[in-house]
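Accompanying notes for the structure given below.
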Amino acid sequence: MTEDFETCDLTCSSPSGDPEETLKVKSWSMECEQPIFSALGGGMKLQKTVDAPRPTMSGSPGKTSLAAATSDTESGIYSVESELCVDHESELDWFCGTEQKLICSHCATVGSCQGHTVTPLATRVTRVRDKLVDVCEKMQLQALRIERFIEQTLAAKEQKLQAAASRAREQVLAQVSAAREALEEEEQRLLEEVQREEERVEQCLLTQRAHWGQALTNLSQTRSRLVHTLTHTPDAQLVTSVQEIAERVEEAEGVGEPCDTDQLSLNPCCTESKLLRGLWATAVLLGPNTSGSSCLKFDERTVSPLLSLSEDFCTLTFLHKKPRQSPPYDPARFDSWPNALGSVSMSSGTHSWVVDVGQSGAFKVGVCYASLERKGSGNEARLGHNSQSWVLSHYDGDYSFCHAGKKVSLQVARRPERVGLLLDWQSQTLLFYEPHSCAVLYSVSQNFSAPLLPAFAVTDRSITILH
């Protein structure tokens, strides 16, 4: 909306109600030292506005003849004589805020705008001009801030950017160089360890080969002598050679039976490395080929009657009292131990899932074969106490890895509220880790011979599969 701002003589009704009395605007002047006044007035003083003659009526009623508009070209402030009200033939020296139009004093008091919000025209013009001045000043200040931002801030940022980028590159190169150096040293150490282990096993094999080769020769010679004695010695002489025969038999029996031992195989621990294991786990967990636990839930058919399963099949809660009504019989259900299995079978790829153990003081998480025994209270159905299950166990404040009845105590810096599991089928590796720090709790390499299922047990509070 565009308004033409002009200076004009204003008339208003006198206290006596005379509409013809003229209210003269006193002149004022000011130095336009601020930038906005310089822009509006060209740097000149505002000129004093003198009284202008009343406009005269001409022509038919309701039509007015306006005097020529005069402009103050020096100040940039324009003035024009006011029009007359059509209804009252008075000057339009008031403004109706309700109808947003110019009115005379009679319109405001007894006319169509009686009771409306009205303002003297001069006051209205002053307010509008003041607002324009404020807006222009704000725009000029904003322009100055933008110029300063472009010239100072952005220029300084550009210089800082170059320095920061240079430092970032140096940091990346330094970190990668340190990691590369550490990896190269670890690679050299592990290769040397494998070489030593290979040489040890080769020496054992040579020793065993020489020993059992000599034993085989001695045994063959002893057997040949005994066969010769048996076939060529007369009966009378054979009877008197019993002692000699017994000595040779004892010598043959002293050879013993050969047996395979761990000493004849490469020790897999020679490739153990916390550094490589941590890097591998991080790379796999952050890699694109990891299958998350979005579909993993507890298999309702396997849940022990000692446990309660949530409606979303994601939370197991230990029941201190056995329910009065037992669940229906199912061959897949554990009937004695507080166990449950996951719903996803794993036989390829890489899988990871996280279990929220919260404040539970007794739980087990791991994997097992689907053929794990479900019935009875024997070790065949107890997680970690048979050859078909591998679990991380927490009980009475201690953490341990359990498999085939054997426990490996674990040193845990702080009690984890969540336990993550990572199964990489290609490398046949099962890894337990703490999700918050990605710290590896334990890892095991095993030749898994059948598909695996996530396995769980809890005897205190609850555990939950997180998605």
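Reckoned from all heavy atoms, side chains included, excluding hydrogens, waters and symmetry mates.
His106 NE2 to Asp87 CG: the interatomic distance, rounded to the nearest 0.5 Å, is 11.0 Å. In this structure, CG on Leu430 lies 8.5 Å from OG on Ser443, to the nearest 0.5 angstrom. Rounding to the nearest 0.5 Å gives a distance of 12.0 Å between NZ of Lys157 and CD of Gln159. A distance of 11.0 Å separates CG of Asn379 from OG of Ser387, quoted to the nearest 0.5 Å. Once rounded to the nearest 0.5 Å, the distance linking CG of Leu92 with CD of Glu83 reads 6.5 Å. Here the straight-line distance linking atom CZ of Arg124 with atom CZ of Arg129 works out to 13.0 Å at 0.5 Å rounding.
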Please assess Gln114 against Thr109 for the test side-chain hydrogen bond (donor to acceptor under 3.5 Å, both in side chains), listing each intermediate value before the final yes or no. CA-CA 5 Å; Gln114 182 181 4; Thr109 56; over 6 Å; no

Under the side-chain contact (heavy atoms from CB on, under 4.5 Å) rule, what do Phe334 and Leu372 come out as? Steps first, then yes or no, please. CA-CA 10 Å; Phe334 292 92; Leu372 180 70; 3.9 Å; yes

Run the numbers on Val344 and Lys297 for side-chain contact (heavy atoms from CB on, under 4.5 Å), then give the verdict. CA-CA 8 Å; Val344 177; Lys297 296 182 179 181; over 6 Å; no

Start with the C-alpha gap between Phe313 and Phe298, add the side-chain angles, then the distance that decides, and say whether ring pair (Phe, Tyr, Trp, His ring centres under 6.0 Å) holds. CA-CA 5 Å; Phe313 301 100; Phe298 294 110; 9.4 Å; no

Evaluate the side-chain hydrogen bond (donor to acceptor under 3.5 Å, both in side chains) criterion for residues Tyr369 and Ser449: first the C-alpha distance (whole Å), next the side-chain angles of each, then the deciding distance (0.1 Å), finally the verdict. CA-CA 9 Å; Tyr369 290 137; Ser449 59; 3.3 Å; yes

Assess whether side-chain hydrogen bond (donor to acceptor under 3.5 Å, both in side chains) is satisfied between Ser336 and Ser377, documenting all intermediate values. CA-CA 5 Å; Ser336 296; Ser377 59; 5.1 Å; no

So Gln188 and Glu184, side-chain hydrogen bond (donor to acceptor under 3.5 Å, both in side chains) or not? Walk me through it. CA-CA 6 Å; Gln188 184 65 27; Glu184 290 176 352; over 6 Å; no

Between Arg382 and Lys364, does a side-chain contact (heavy atoms from CB on, under 4.5 Å) hold up when you go through it step by step? CA-CA 11 Å; Arg382 189 179 181 185; Lys364 293 179 181 179; 4.3 Å; yes

Decide yes or no on side-chain contact (heavy atoms from CB on, under 4.5 Å) for Trp94 and Leu121, but give the supporting numbers first. CA-CA 5 Å; Trp94 287 77; Leu121 181 59; 5.8 Å; no

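Closest approach of Pro305 and Leu319 over heavy atoms only: O-CD1, 3.9 Å. When all heavy atoms of Gly366 and Leu421 are compared, the closest pair comes out as CA-CD2, 3.6 Å. For the pair Glu193 and Arg196, the tightest heavy-atom approach, listed with the atom from each and the gap, is OE1-NH2, 2.5 Å. Residue Leu392 comes nearest to Tyr399 through the heavy atom pair CD2-CD2, 4.1 Å, listed as atom of the first residue, atom of the second, then distance. In this structure, Leu422 and Ser352 approach most closely via the heavy-atom pair CD1-CB, 4.1 Å. Minimum heavy-atom separation, Ala340 to Leu316: CB-CD1, 3.6 Å.
Atom NZ of Lys138 is surrounded by 12 or fewer heavy atoms from other residues, nucleotides or ligands within 6.0 Å. The 12-atom threshold is not exceeded at CD of Glu300, counting heavy atoms of other residues, nucleotides or ligands nearer than 6.0 Å.
Two residues are said to be in side-chain contact when any heavy atoms from C-beta on lie closer than 4.5 Å; Phe149 and Leu154 meet this criterion. Considering only heavy atoms from C-beta on, Ser371 comes within 4.5 Å of Gln388 through its side chain. By the 4.5 Å heavy-atom criterion applied to side chains, Ile103 and Cys85 are not counted as neighbours. Counting heavy atoms from C-beta outward, Ser389 and Asn386 have side chains that approach closer than 4.5 Å. In this structure, the side chains of Ile463 and Val419 stay at 4.5 Å or more apart for every pair of heavy atoms. Inter-residue side-chain proximity for Leu183 and Leu276 is flagged as met; some heavy-atom pair is nearer than 4.5 Å. Residues Leu307 and Val458 are in side-chain contact: their nearest non-hydrogen atoms beyond the backbone lie under 4.5 Å apart. Contact check for Glu380 versus His385: no side-chain heavy atoms found under the 4.5 Å cut-off.
A donor-acceptor pair is defined here as one N or O able to donate and one able to accept, closer than 3.5 Å; such a pair exists between the side chain of Thr126 and the backbone of Ala122. The main-chain N or O of Ser343 is never found under 3.5 Å from a side-chain atom of Asp299 such that the two would form a donor-acceptor pair. Checking side-chain atoms of Ser304 against main-chain N and O of Trp337 turns up a donor-acceptor pair under 3.5 Å. Between the side chain of Asn339 and the backbone N or O of Ala381 there is at least one donor-acceptor pair closer than 3.5 Å. Counting only distance, with no hydrogens or angles, the side chain of Asp424 and the backbone of Ser427 share a donor-acceptor pair below 3.5 Å. Between the side chain of Lys407 and the backbone N or O of Gly384, no donor-acceptor pair lies under 3.5 Å. At distances below 3.5 Å, not a single donor-acceptor pair connects side-chain atoms of Ser445 with backbone N or O atoms of Thr429. Formation of a donor-acceptor pair under 3.5 Å by the Glu434 side chain with backbone atoms of Pro416 is not found in this model.
Salt bridge annotation for Arg189-Glu186: present, with a cationic side-chain nitrogen under 4.0 angstrom from a carboxylate oxygen.
Residue Met346 forms a side chain to side chain contact (heavy atoms under 4.5 Å, CB included) with just one option from Leu296, Leu453, Leu423, and that option is Leu423. Tested against Phe95 for a side chain to side chain contact (heavy atoms under 4.5 Å, CB included), the candidates Gln100, Arg127, Lys101 yield a single pass: Gln100.
Annotation: Phe448 is in aromatic contact with Trp390 [ring centroid separation under 6.0 Å].
Side-chain atoms of Tyr442 and Ser400 include no donor-acceptor pair closer than 3.5 Å. Between the side chains of Thr302 and Arg333, no donor-acceptor pair is found at a separation under 3.5 Å. Using a 3.5 Å distance cut-off with no hydrogens or angles, the side chains of Thr317 and Ser308 do not pair a donor with an acceptor.
For Phe363, the ring-ring contact (aromatic ring centres under 6.0 Å, His included) partners are His394, not counting sequence neighbours.
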